[in-house]
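Working notes, beginning with the structure itself.
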Amino acid sequence: CLYSSFFCSTDPKMQALQVLSLTLLSVLAANAQTFRPGKCPQPPVQANFDTYLGKWYEIQKLPAIFQKGECSTATYSLKSPGVVGVLNRELLSNNTVNAITGYAKVKDPSEPAKLEVTFFEDSSPGPYWVLSTDYEGHSVVYSCTEFLGAFHVDFAWILSREPTLSKEKLGELYNVFTSNGINIDVMTVTDQSKELCVDMPLWA
């Protein structure tokens, strides 16, 4: 067999899982989602992380099926001790604003830079790992979900307190991903131009 034992099994149950996995892969591919073979990378996260609040601009990201617009921002606020409110906004192609609210919690107090974010009460939380931040300039965020131990789906974001980052800084932040085995070849640029984003309301 040219592939992994998972995809080459002759067991009927495994074959059913193969079909399910391949179907899911097709759906993800059709939506430009980034999926990779094998388990999730385990990059180190920001040491001594102290939760950052306020507004961040999305500069670049790996394609995500739940993000369709430009001018994307994330605003974090303290809801209660240990709970951070999350407000994500983006400008859609029809000039309407898509907004979603949720909350983030630290999963393990010994690793405060590994948070879990929930947007829907009936859904499982998703990982939100802060790999690097200086709190006042940039933030490098990573998320990864595994499927059946055979492949994983990556999410990655570069955030900034301002709508732009220099090429030199971006180069440094790319290295945070690549030096830890995270492939960002298909990372896309988020349009934060004044001409486009002027249609975004000022409310936070």
Side-chain angles (χ1 to χ4, degrees), residues 24-25 28-29 31-69 72-76 84-90 100 102-119 123-162 165 167-190 192:
L24 181 57
L25 284 171
L28 292 172
N31 285 278
Q33 188 60 65
T34 52
F35 57 90
R36 318 282 183 191
K39 295 185 176 181
C40 288
Q42 298 295 315
V45 295
Q46 175 81 22
N48 303 314
F49 178 68
D50 184 10
T51 303
Y52 49 64
L53 303 177
K55 183 177 180 179
W56 292 85
Y57 295 88
E58 179 186 276
I59 304 301
Q60 294 188 18
K61 67 177 180 298
L62 287 180
I65 59 176
F66 49 83
Q67 287 188 273
K68 304 293 185 181
S72 301
T73 62
T75 303
Y76 305 105
V84 174
V86 180
L87 170 62
N88 291 341
R89 299 191 301 145
E90 61 181 349
I100 186 171
Y103 61 90
K105 292 182 178 181
V106 174
K107 182 177 181 179
D108 181 350
S110 68
E111 293 185 296
K114 292 185 177 181
L115 297 99
E116 292 187 333
V117 180
T118 302
F119 287 103
S123 64
S124 299
Y128 181 102
W129 290 12
V130 181
L131 305 189
S132 173
T133 186
D134 61 1
Y135 302 98
E136 298 301 325
H138 76 269
S139 182
V140 175
V141 179
Y142 181 65
S143 179
C144 186
T145 301
E146 293 180 7
F147 293 90
L148 305 172
F151 65 96
H152 63 272
V153 176
D154 282 313
F155 302 95
W157 298 270
I158 293 177
L159 308 177
S160 173
R161 291 294 191 181
E162 300 294 333
L165 279 176
K167 291 183 178 179
E168 292 75 17
K169 176 56 68 173
L170 282 171
E172 294 177 17
L173 303 184
Y174 292 154
N175 189 58
V176 175
F177 292 118
T178 57
S179 63
N180 289 293
I182 300 170
N183 189 324
I184 57 170
D185 289 349
V186 295
M187 186 167 266
T188 63
V189 176
T190 301
Q192 296 285 1

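Keep in mind that this is a model prediction, so the values were computed, not measured. Index from 1, following the sequence.
- Residues meeting the side-chain hydrogen bond (donor to acceptor under 3.5 Å, both in side chains) test with Y128, sequence neighbours left out: Y52, Y76.
- Take E146 and apply the side-chain contact (heavy atoms from CB on, under 4.5 Å) test, not counting sequence neighbours, and it matches K39, C40, H152.
- Under the 3.5 Å distance criterion, the side-chain polar atoms of T133 are matched with a main-chain donor or acceptor of H138.
- Note that NZ of K105 and OG1 of T51 are 13.5 Å apart. Values are rounded to the nearest 0.5 Å.
- In this structure, R36 pairs ionically with D154, as a charged nitrogen and a carboxylate oxygen lie closer than 4.0 Å.
- Distance check, rounded to the nearest 0.5 Å: CD of E111 to CH2 of W129 gives 7.5 Å.
- The line from CZ of F49 to OH of Y135 is 5.5 Å long, rounded to the nearest 0.5 Å.
- Side-chain contact between S72 and N88 is absent, with no heavy-atom pair separated by less than 4.5 Å.
- Between the side chain of R161 and the main chain of K55, a donor-acceptor pair closer than 3.5 Å is present.
- One N or O on the side chain of S143 and one on the backbone of P127 form a donor-acceptor pair closer than 3.5 Å.
- Among residues at least two apart or in separate chains, there is no side-chain hydrogen bond (donor to acceptor under 3.5 Å, both in side chains) pair with a member in residues 175-185.
- Applying the salt bridge (Lys or Arg N to Asp or Glu O under 4.0 Å) criterion to E90, with sequence neighbours excluded, gives no partner residue.
- Note that the CD atom of Q42 and the OH atom of Y142 stand 8.5 Å from one another [nearest 0.5 Å].
- Rounding to the nearest 0.5 angstrom, the gap separating the CD1 atom in I182 from the CZ atom in F155 is 13.5 Å.
- With hydrogens and angles ignored, the 3.5 Å screen pairs a side-chain donor or acceptor of Q192 with a backbone N or O of E58.
- Distance CG/L173 to CD/E168: 11.5 Å, rounded to 0.5 Å.
- Inter-residue side-chain proximity for Y57 and L165 is flagged as unmet; no heavy-atom pair is nearer than 4.5 Å.
- Listed by first and then second residue, the salt bridge (Lys or Arg N to Asp or Glu O under 4.0 Å) pairs that reach into residues 169-181 are K169-E172, sequence neighbours excluded.
- Counting heavy atoms of neighbouring residues, nucleotides and ligands inside a 6.0 Å radius, atom NZ of K107 does not exceed 12 of them.
- E162 meets the salt bridge (Lys or Arg N to Asp or Glu O under 4.0 Å) test with no other residue; sequence neighbours excluded.
- The closest side-chain heavy-atom distance from I158 to F177 is below 4.5 Å.
- Cation-pi check for K61 over W157 is not met; the charged atom does not lie both under 6.0 angstrom from the ring centroid and within 45 degrees of its normal.
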